[in-house]
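Report on the following structure.
Positions are given from 1, in the same order as the sequence printed here. Predicted model only: the values in this text are computed from it and were never measured.
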Amino acid sequence: MVANDNDATKQIFSRCLLNCLHVGLWRCYIRFISKGNENKGVEGRDETKKAFEFMLYHIGTDIASGPLWMEYISFLKSLLATTVQEESQRMTNVRKAYQKAILIPTHHVEQLWKDYENFENSVSRALAKGLLAEYQQKYISARAVYRERKKLCDEIDGNKLAVPPTGSLKEEQQCSAWRRLLAFEKGNPQRIDSASSGKRVAFTYEQCLMYLYHYPDIWYDYATWHVGNGSVDSAIKVFQRALKALPDSEVLRYAYAELEECRGGIQGSKKIYENLLRNSSTATALGYIQFLRFIRRTEGVEAARCTQCFRSRAQEIHA
């Protein structure tokens, strides 16, 4: 960005944005987009607005996302309106942005509420009374949840690198801290709708994996959480990502194979077992036992009992 190499900057953002849910990086992204569109008129403003919405969709529930919402609201306020209809639309967009922002437990939730009060009173004191009364309890709930959320987030070391676990006390403490935060989000303390609550939980898992990338139990918990919420396809995607991160994890492969089998993907499950047994580091006795049990369930008892069949399968796999 300093060298004004926009193409290289865009390539970097395209590679890392969705893999790094960090407020600092996304603020850098939105400033890059805003600067590139500032002299492009209406088209540039539309592109910037889309970039803000894209950013808030992906990271707008972060506890530190308050400044992102503030920047978005300031951007909406700055848009020129040349007709009464455009002015009405601009004010509606600002109001909607405030009403979304004050429902999220962020460090800036109190300031956003004060700004929202000032905004509504500047538009119409008569209308402000009803609108503020409607959202005040929702804001109070968000503020209360923020205080509990902050206590849990303060226990997490945001500077920790994603390295394989060594069993140190600090690593165990960080893992426990993330688990407490995940349990908190799963409990839906704010009593928001299930879709919004699920999005927060998934976001927390994604952030957790930025630090605990090499922990198979976190990947497993994430996938099983998706299954519990009826999203098997999402669970499959999590297992696929997990095995790219931890290709030698037997537990993840067994769990993935079982999920495929449960949803009727027999051939997919069989392929997972075969790949497991082709890998010398995962071709254990337990692996063969699990494979035999799978064959018995899917192809019958006789096939599993057939010693010659088992030997030929093992030879074929290791060929």
Inset, instruction - Before giving the answer on side-chain hydrogen bond (donor to acceptor under 3.5 Å, both in side chains), spell out for Asp7 and Gln11 the whole-Å C-alpha distance, their side-chain angles and the decisive distance to 0.1 Å. - result: CA-CA 6 Å; Asp7 290 337; Gln11 289 178 7; over 6 Å; no
Legend entry - Mutual orientation of the aromatic rings belonging to Tyr213 and Trp219 [parallel < 30°, tilted 30-60°, perpendicular > 60°]: perpendicular
Legend entry - Closest non-hydrogen atom pair between Ile104 and Arg200, with its separation: CA-NH2, 3.9 Å
Legend entry - Heavy-atom pair of closest approach, residues Ala255 and Tyr220: CB-CE1, 3.6 Å
Inset, instruction - Kindly say whether Leu152 contributes a backbone atom to a donor-acceptor pair with the side chain of Arg180 at under 3.5 angstrom? - result: no
Inset, instruction - Evaluate the side-chain proximity of Ile192 to Leu103: yes if any heavy-atom separation is below 4.5 Å, no if none is. - result: no
Inset, instruction - Look up atom OG1 in Thr48 and atom CD1 in Ile30, then write down how far apart they are to the nearest 0.5 Å. - result: 7.0 Å
Legend entry - salt_bridge(Lys151, Glu148) N-O dist < 4.0 Å: yes
Inset, instruction - Decide yes or no on side chain to side chain contact (heavy atoms under 4.5 Å, CB included) for Met91 and Glu87, but give the supporting numbers first. - result: CA-CA 6 Å; Met91 300 303 279; Glu87 175 62 14; 3.5 Å; yes
Inset, instruction - Output yes when Glu134 and Lys129 qualify as a salt bridge under the 4.0 Å nitrogen-oxygen rule, no when they do not. - result: no
Legend entry - N/O donor-acceptor pair under 3.5 Å between Ser141 side chain and Gln137 backbone: no
Inset, instruction - Heavy atoms only: give me the nearest Trp178-Cys208 pair and the separation to one decimal. - result: CE3-CB, 3.5 Å
Legend entry - Approximate separation, where rounding is to 0.5 Å, of Asn93 CG and Leu79 CG: 8.0 Å
Legend entry - Cationic N near anionic O, under 4.0 Å, Lys40 to Glu47: no
Inset, instruction - Examine Tyr211 and Val163 and state if one hydrophobic cluster contains both, with Ile, Leu, Val, Met, Phe, Trp and Tyr joined whenever side-chain heavy atoms are less than 4.5 Å apart. - result: no
Inset, instruction - Taking all heavy atoms of Cys175 and all of Leu212, pick out the closest pair and write down the distance. - result: CA-CD1, 4.0 Å
Legend entry - Contact check, side chains of Trp113 and Leu132, non-hydrogen atoms, under 4.5 Å: yes
Inset, instruction - Under the side chain to side chain contact (heavy atoms under 4.5 Å, CB included) rule, what do Leu259 and Arg263 come out as? Steps first, then yes or no, please. - result: CA-CA 6 Å; Leu259 181 59; Arg263 73 166 187 165; 5.6 Å; no
Legend entry - Pi-cation contact, Phe52 with Lys49 (under 6.0 Å, within 45°): no
Legend entry - Leu25 with Leu18, same ILVMFWY side-chain cluster at under 4.5 Å: yes
Inset, instruction - Using a 4.5 Å cut-off on heavy atoms from C-beta on, say whether the side chain of Lys50 contacts that of Ile33. - result: no
Legend entry - Arg95/Glu120 ion pair, N-O < 4.0 Å: yes
Legend entry - Between Gln207 and Asp62, a side-chain donor and acceptor under 3.5 Å: yes
Inset, instruction - Could you list the residues that satisfy ring-ring contact (aromatic ring centres under 6.0 Å, His included) with His58, not counting sequence neighbours? - result: Trp26, Phe54
Legend entry - Intermediate values then yes/no, side-chain hydrogen bond (donor to acceptor under 3.5 Å, both in side chains), Tyr139 and Glu110: CA-CA 8 Å; Tyr139 151 69; Glu110 291 188 27; 4.7 Å; no
Legend entry - Contact check, side chains of Ser231 and Val227, non-hydrogen atoms, under 4.5 Å: no
Legend entry - For Asp46, all residues meeting side-chain hydrogen bond (donor to acceptor under 3.5 Å, both in side chains), sequence neighbours excluded: none
Inset, instruction - Answer yes or no: is there a donor N or O on one side and an acceptor on the other, between the side chain of Arg191 and the main chain of Asn188, under 3.5 Å? - result: yes
Inset, instruction - For the pair Glu171 and Lys160, find out whether any cationic side-chain nitrogen is under 4.0 Å from an anionic carboxylate oxygen. - result: no
Inset, instruction - May I ask you to establish whether Lys199 and Tyr57 are in a cation-pi arrangement, using a distance under 6.0 Å from NZ or CZ to the six-membered ring centre and at most 45° from the ring axis? - result: yes
Legend entry - Any Lys138 side-chain heavy atom under 4.5 Å of Tyr135 side chain: yes
Legend entry - Heavy-atom pair with the smallest gap, counting every atom of Glu86 and Leu80: OE1-O, 4.4 Å
Inset, instruction - For the pair Tyr72 and Phe75, name the ring-plane relationship: parallel under 30°, tilted 30 to 60°, perpendicular over 60°. - result: parallel
Legend entry - Presence of salt bridge, Arg31 and Glu38, under 4.0 angstrom: no
Inset, instruction - For atom CD of Glu258, decide whether the heavy atoms of other residues, nucleotides or ligands shown that lie under 6.0 angstrom number more than 12. - result: no
Legend entry - Tyr98 and Phe119 aromatic ring geometry - parallel, tilted or perpendicular at 30°/60° bounds: tilted
Legend entry - Least distance between heavy atoms, Ala142 atom then Ile102 atom: CB-O, 3.4 Å
Legend entry - Shared hydrophobic cluster, Leu76 / Val123 (ILVMFWY, side-chain heavy atoms < 4.5 Å): yes
Legend entry - Donor-acceptor pair, side chain of Ser249 and main chain of Leu246, under 3.5 angstrom: no
Inset, instruction - Evaluate the ring planes of Tyr205 and Trp225, with Trp represented by its six-membered ring, and classify them as parallel (under 30°), tilted (30 to 60°) or perpendicular (over 60°). - result: tilted
Legend entry - Arg179 side chain near Ile218 side chain, heavy-atom distance below 4.5 Å: yes
Inset, instruction - Kindly indicate, with the supporting measurements, whether the criterion side-chain hydrogen bond (donor to acceptor under 3.5 Å, both in side chains) is fulfilled by Asp193 and Ser196. - result: CA-CA 6 Å; Asp193 63 273; Ser196 298; 2.9 Å; yes
Legend entry - Flag side-chain contact, heavy atom, 4.5 Å: Phe203 against Ile59: yes
Inset, instruction - For side chain to side chain contact (heavy atoms under 4.5 Å, CB included), just list the numbers for Thr106 and Val109, CA-CA rounded to whole Å, side-chain angles, deciding distance to a tenth of an Å, and then say yes or no. - result: CA-CA 5 Å; Thr106 67; Val109 66; 4.1 Å; yes
Inset, instruction - Any chance you could measure Ser78, atom OG, to Arg45, atom CZ, to the nearest 0.5 Å? - result: 8.5 Å
Legend entry - Stepwise side chain to side chain contact (heavy atoms under 4.5 Å, CB included) check, Lys100 with Leu56: CA-CA 10 Å; Lys100 288 180 181 178; Leu56 292 170; over 6 Å; no
Inset, instruction - Return yes if some donor-acceptor pair links the side-chain N/O of Tyr29 with the main-chain N/O of Leu17 below 3.5 Å, else return no. - result: no
Legend entry - Hphob cluster co-occupancy, Ile140 + Leu112, side-chain heavy atoms under 4.5 angstrom: yes
Legend entry - Residues Glu117, Asn121; criterion side-chain hydrogen bond (donor to acceptor under 3.5 Å, both in side chains); working and verdict: CA-CA 6 Å; Glu117 284 184 312; Asn121 283 315; over 6 Å; no
Legend entry - Any donor-acceptor N/O pair, Ser65 side chain to Leu68 backbone, under 3.5 Å: no
Inset, instruction - Measure from the side-chain N and O atoms of Arg90 to the backbone N and O of Ala81, and report whether any donor-acceptor pair falls under 3.5 Å. - result: no
Legend entry - Glu185 side, atom CD; Ser197 side, atom OG - distance, nearest 0.5 Å: 7.5 Å
Inset, instruction - Find out whether Gln173 and Glu155 are in side-chain contact, i.e. whether some heavy atom of one side chain is under 4.5 Å from a heavy atom of the other. - result: no
Inset, instruction - Check whether Phe32 and Leu21 end up in the same hydrophobic cluster, where Ile, Leu, Val, Met, Phe, Trp and Tyr are linked by side-chain heavy atoms less than 4.5 Å apart. - result: yes
